[in-house]
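Side chains are part of it too, since the values below use all heavy atoms of this structure and drop only hydrogens, waters and symmetry mates. What you are looking at is a predicted structure, and each value in this text was computed from that prediction instead of being measured. Counting starts at 1 for both ligands and their atoms, following the listed order.
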Amino acid sequence: MRKVSVGFLGCGNIGCGVWKLLNEFKADILHRSDVEFDVKRILVRDVKKKRDQVVPEELLTTDPAQVTDDPEIEMVLEFMGGETPATQYMLRALEMGKTVVTANKMALALNWHILQAAAEKHGSGLYYEAAVCGAIPIIRTTLDSLMSNRIEEMMGIVNGTTNYILTRMSQEGSDYAEVLSDAQRLGLAEPDPTSDVEGFDAAYKLSILSSLAFHARVPFDVIYRQGITQVSAADIAFGKELGYTLKLLAIAKRSGDVIDARVHPTFIPDDHPLASVNGSFNAIFLHGHACDDMMLFGRGAGSAPTASAVVADMLYAVSRDTPRHPTFRNTNELAEGLTVTDDWHCSFYVRLTASDRPGVLARITACLGDEGISIRNLMQRDAVDGHAQIVLITHDAGECAIRKALAAIASDDVQVESMIRVER
Ligand code: HSE
C-alpha cells in the first residue's frame, strides 16, 4: 500500500466535495489502486468559516507555504479559482517537485505555458481533468483514447450556467434578464455572472480543449468570443419555428493548417445530438478522421462531479511512473505553421425589421447576392405600423461576407436586429 500525503489550496464547494469523496471512497480507492491519500494541510482564507464538510480545524492554515513547501506533501490540489494567486501557488508546488491537480480553467488557459514549463523542468505532474466540463472525461479522452485520430472538429456546450439560462428561455419564452435574475436567486448563476454569460469561461475551456485536440497551442486570445447577453426571446422563438435550438457553443475546427476557434450563441438543428442537452448539463461533440462522430455528455460543474474528476486525476497521477504532458510545444503563442481565420463558413440566421414598401426585400436580397450569399429560407411576418419582421437563413457563407452584406443592408428602411450563426 502506498500512502500519499496531500495538500489542498482552497476548501470551498469543490474542496469540500473532494474531501467528502476521498473519505467516503477511501476503502474503494485502497482496494482498486492500493493507495491511501492522507490530507495533511488545507489552505483557506478563513479558518473559522463554516463549511459543508467537517474538516478538522488542525489541518487548516492561511499560509500557502505550509502546503506548497512542506517536503512531506507529495500532491497539491488547487481549488481556489481565478488567475492569481492560484497560478503562483501552483507554480511553487511544481517547482518543489510536487504533483499538481487543478480544477482552475482560467489559471490554466492563461498560464499553461508557465506551469507546464515548470512541471517539465522539475519533473512534476500537472493534471487538469476537472478544469474542463467537470465530471466529463474529455481531457483524458482527447489526450489518450483519441490519440489515433486527427480531430477535425469539436463543438461543445461547456458552460452549464448559460445552458441553463438558454434552456429556460427556450422552454418558457422568457427574456434573458428575467431568467438570469431567477437563476441568481436560485444560486445557479453567480452574483457577478460576467465570466459565464460573456463567454469567458467557455473560451478558457475551448483554449485548453482545442490545444489538446489539435496537438498545437491555441491560446485564449485568438478565440472569438460573444456571450448570450444580447440573445432575445424573439430569436429563440423564430429559430424554433424553423427547427433550430439555440446554444452557446464553443467551436474549434481545423482544416489543414487553418483553424477557427470561437464561442458564440449558435443555432443547431433540433435533431443535432447537442440540441437535447438541456439545463446545466455539458456535452462535447467531436469528429475525428477515424472515430467519426462522438459525443460525451455529463455534469460540467458542481461539488461531487468536479470531485469525481479531481480524484480520478489523483489516481491517474499515482499510477504513472512519469508525468503525462501534452504533445505540443507550449509557448502560449499560436503553434507555428497554423493560422486562425476569422472568416469561418457556416449558415447564418438574420432577423431584420423592414419598411413594408416595394423594393425593400429586393434590396435586401441584392445586398446578399452581391456578397455571393444565397438564401435558404425566408419568412416575413405581417407588418405592424408599416414595419415587417423578416427572418432568413442563408446557405453556407463566409463570416466576412455576411458582415459586409449586413452593413450594406442596414439603412433607413431596414434595421438589422440580429445575426446568429447556424451550425449543422
Ligand atoms: N461556471 C461554470 C459553468 C462552471 O456554469 O459551467 C465552472 O466552469
Side-chain angles (χ1 to χ4, degrees), residues 9-18 77-83 86-87 101-112 127-139 154-170 176 179-210 212 220 223 225-229 231 246-251 263-266 274 277-285 296-310 312-313:
L9 295 170
C11 197
N13 193 31
I14 300 174
C16 283
V18 172
L77 317 180
E78 187 272 316
F79 317 120
M80 303 175 68
E83 186 180 4
T87 302
V101 175
T102 179
N104 189 331
K105 74 235 74 169
M106 184 190 196
L108 189 68
L110 300 180
N111 296 306
W112 198 354
Y127 299 93
Y128 39 84
E129 184 68 73
V132 182
C133 296
I136 303 176
I138 185 63
I139 300 290
M154 263 187 170
M155 293 211 293
I157 295 171
V158 298
N159 182 270
T161 305
T162 47
N163 203 44
Y164 173 84
I165 293 172
L166 292 177
T167 301
R168 279 198 50 193
M169 286 177 73
S170 173
Y176 166 75
V179 179
L180 172 64
S181 71
D182 204 33
Q184 285 173 314
R185 192 178 53 74
L186 295 167
L188 296 167
E190 299 282 341
D192 176 1
T194 311
S195 177
D196 293 319
V197 300
E198 295 290 4
F200 287 98
D201 178 80
Y204 296 138
K205 292 167 182 167
L206 185 65
S207 168
I208 298 166
L209 280 183
S210 54
L212 295 173
F220 169 77
I223 295 175
R225 180 184 51 76
Q226 180 190 331
I228 63 163
T229 55
V231 167
L246 191 73
K247 296 291 180 192
L248 181 72
L249 291 192
I251 300 171
V263 172
H264 52 65
T266 313
L274 287 172
V277 175
N278 285 324
S280 59
F281 276 98
N282 285 194
I284 297 106
F285 181 87
L296 285 86
F297 166 91
R299 286 274 174 216
S303 179
T306 310
S308 158
V310 169
D313 264 355

Students should be able to answer this: which protein heavy-atom is nearest to [atom], and at what distance?
{"atom": "atom 4 (C) of ligand 1", "result": "Ala301 CB, 3.7 Å"}
{"atom": "atom 5 (O) of ligand 1", "result": "Thr161 OG1, 2.5 Å"}
{"atom": "atom 1 (N) of ligand 1", "result": "Asp196 OD1, 2.9 Å"}
{"atom": "atom 7 (C) of ligand 1", "result": "Lys105 NZ, 3.0 Å"}

Hey, are Thr306 and Arg299 close enough side-chain-wise for a donor-acceptor pair under 3.5 Å? no
Regarding Asp192 and Thr194, is there a side-chain donor-to-acceptor distance under 3.5 Å anywhere?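 Note: Asp192 and Thr194 side chains meet the donor-acceptor criterion.
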Under-4.0 Å heavy-atom contact with ligand 1, by part of Asn159 that carries it: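 Within the 4.0 Å criterion, Asn159 contacts ligand 1 through backbone and side-chain atoms alike.
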Where on Glu190 is there a heavy atom closer than 4.0 Å to ligand 1, on the side chain, on the backbone, on both, or on neither?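 Under 4.0 Å from ligand 1, Glu190 contributes no heavy atoms.
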Side-chain donor or acceptor of Glu129 paired with backbone N/O of Ile138 under 3.5 Å: yes
Has ligand 1 got any nitrogen or oxygen that is less than 3.5 angstrom from a nitrogen or oxygen of Asp201? yes
May I ask you to check if ligand 1 and Gly160 share an N or O to N or O distance below 3.5 Å?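 Min N/O separation from ligand 1 is below 3.5 Å for Gly160.
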Rounded to the nearest 0.5 Å, what separation is found between the CZ atom of Phe281 and the CG atom of Asn163? 10.5 Å
To the nearest 0.5 Å, what is the distance between CG (Leu9) and OG1 (Thr102)? 9.0 Å
Relative to the ring of Trp112, is the ring of Tyr128 parallel (under 30°), tilted (30 to 60°) or perpendicular (over 60°)? perpendicular
